[in-house]
Protein chains: 2
Amino acid sequence: MGITKSEHFTDEQNELATLAKAIGHPARIAIIEHLIKVNSCVCGDIVNELPLAQPTVSQHLKELKNAGLIKGNFEGNAICYCLNEEGFNKIKGFFQHINTYLENKKNQCC
Amino acid sequence: MGITKSEHFTDEQNELATLAKAIGHPARIAIIEHLIKVNSCVCGDIVNELPLAQPTVSQHLKELKNAGLIKGNFEGNAICYCLNEEGFNKIKGFFQHINTYLENKKNQCC
DNA sequence: TATCTATATTGTAATATTGCAATATAAATA
DNA sequence: TATTTATATTGCAATATTACAATATAGATA
């Protein structure tokens, strides 16, 4: 049906899924990597960095913003984008949990 | 169009996106959390743990397996599932990169 | 071998996502 | 104010995802 049964899962599970889903597209990975690479707020050159049309990039930026992974400030007629620490911190705990588990697990059959 | 232009992105970007996308569903988060919680290979009780029909769970398990995030071994007529370290290690680096960046970034406008 | 149990596959309907052309908006500047 | 520049929104077509009933498969056991 294409419709996720969110109501049957916990808020935390839904939130983590939303964050991971937002990261789950190569264009959005590329945007995140670019924001890190230039190490400053980026005013609009993201469209030129990506092999996609402007409306498509705008849509991807919107999804990252909605998920809480990037922030955008108006700066004149342009917009400055940068990573939103809050969003990434929420995922951080999840992966730390997994890594700690994987480092310590023993007696596994697979 | 619903079709991702993977060919325009690097292999690494596509791979990270595939992994994140696989994690990006609450049912699959729940599966991962369950595998950690029981701290052993799980033989089939995953269907009972989730509020979804058996074929749907089977489909989610397949997606996690295809992405390299879990492994499954036949154990009699059941199957043992557990986390696949390899898949999670691939994402680990990405998030470490982001976290290191976020901890050190300064002079940001947003 | 027949049956049971556990899991996978197939087929299908509903919904979501991706991408872009066309267009709208909004601030800056001529 | 008219124009330019940067970004967002709308509308739409193509494809992907989600969910499940029905069915298939495959090993275990009676």
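In this text the structure is predicted, and so the values were computed from the model without any measurement. So that the names make sense, note that chain A is the first sequence line, chain B the second, and so on, each numbered from 1.
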Show me the pairs that pass side-chain hydrogen bond (donor to acceptor under 3.5 Å, both in side chains) and involve residues 56-67 of chain B, at least two apart or across chains. Arg28(B)-His60(B), Arg28(B)-Glu63(B)
Between Leu52(B) and Val42(A), the residue closer to the 5' end of DNA chain D by nearest nucleotide is Val42(A)
Taking all non-hydrogen atoms of both residues, which atom of Tyr101(A) and which atom of Ser40(B) are closest, and how far apart? OH-N, 4.2 Å
Greater than 12 external heavy atoms within 6.0 Å of Asn48(A)'s CG: yes
Solution key, residues 17-27 of chain A side-chain donor-acceptor pairs under 3.5 Å, sequence neighbours excluded:
{"unit_1": "Thr18(A)", "atom_1": "OG1", "unit_2": "Asn14(A)", "atom_2": "O", "d": "2.8"}
{"unit_1": "His25(A)", "atom_1": "ND1", "unit_2": "Ala27(A)", "atom_2": "N", "d": "3.0"}
{"unit_1": "His25(A)", "atom_1": "NE2", "unit_2": "Thr4(B)", "atom_2": "OG1", "d": "3.3"}

Here the pair of heavy atoms bringing Leu35(B) nearest to Tyr81(B) is CD2-O, 3.5 Å
Could you state the CG-C1' distance from Leu50(A) to dG19(C), rounded to the nearest angstrom? 13 Å
Strictly under 3.5 Å: I want the nitrogen or oxygen pairs between protein and nucleotides 8-10 of chain C, one per line.
{"unit_1": "dA8(C)", "atom_1": "OP1", "unit_2": "Tyr81(B)", "atom_2": "OH", "d": "2.6"}
{"unit_1": "dA8(C)", "atom_1": "OP2", "unit_2": "Ser58(B)", "atom_2": "OG", "d": "2.9"}
{"unit_1": "dA8(C)", "atom_1": "N7", "unit_2": "Gln54(B)", "atom_2": "NE2", "d": "2.6"}
{"unit_1": "dA8(C)", "atom_1": "N6", "unit_2": "Gln54(B)", "atom_2": "OE1", "d": "2.9"}

Atom-pair distance (CD1 on Ile3(B); P on dT17(D)), nearest Å: 11 Å
Quick one: is dA19(D) close enough that its OP1 or OP2 comes under 4.0 Å of any side-chain N or O from His60(B)? yes
Between Thr10(A) and Glu33(B), is there a side-chain heavy-atom distance shorter than 4.5 Å? no
Are Ile32(A) and Phe88(A) side-chain neighbours, meaning at least one heavy-atom pair lies under 4.5 Å? yes
Take the protein atom CD of Glu7(B) and the nucleotide atom C1' of dT15(D), then report the distance between them rounded to whole Å. 14 Å
Are there over 12 heavy-atom neighbours, none belonging to His8(A), within less than 6.0 Å of that residue's NE2? yes
If a stem is a run of at least 3 consecutive Watson-Crick or G-U pairs, both distances under 3.5 Å, which stems include DNA chain D? C:1-30 with D:1-30
Residue pairs involving residues 86-95 of chain A (criterion side-chain hydrogen bond (donor to acceptor under 3.5 Å, both in side chains); sequence neighbours excluded): Glu15(A)-Lys90(A)
Leu83(B) to Lys105(A) - nearest heavy-atom pair and separation: O-NZ, 3.7 Å
Check DNA chain C against residues 9-36 of chain B and give the residues with a non-hydrogen atom under 4.0 Å, in numerical order. none
Name of the residue among Leu50(B), Leu69(B), Val42(B) meeting side-chain contact (heavy atoms from CB on, under 4.5 Å) with Ile31(B): Leu50(B)
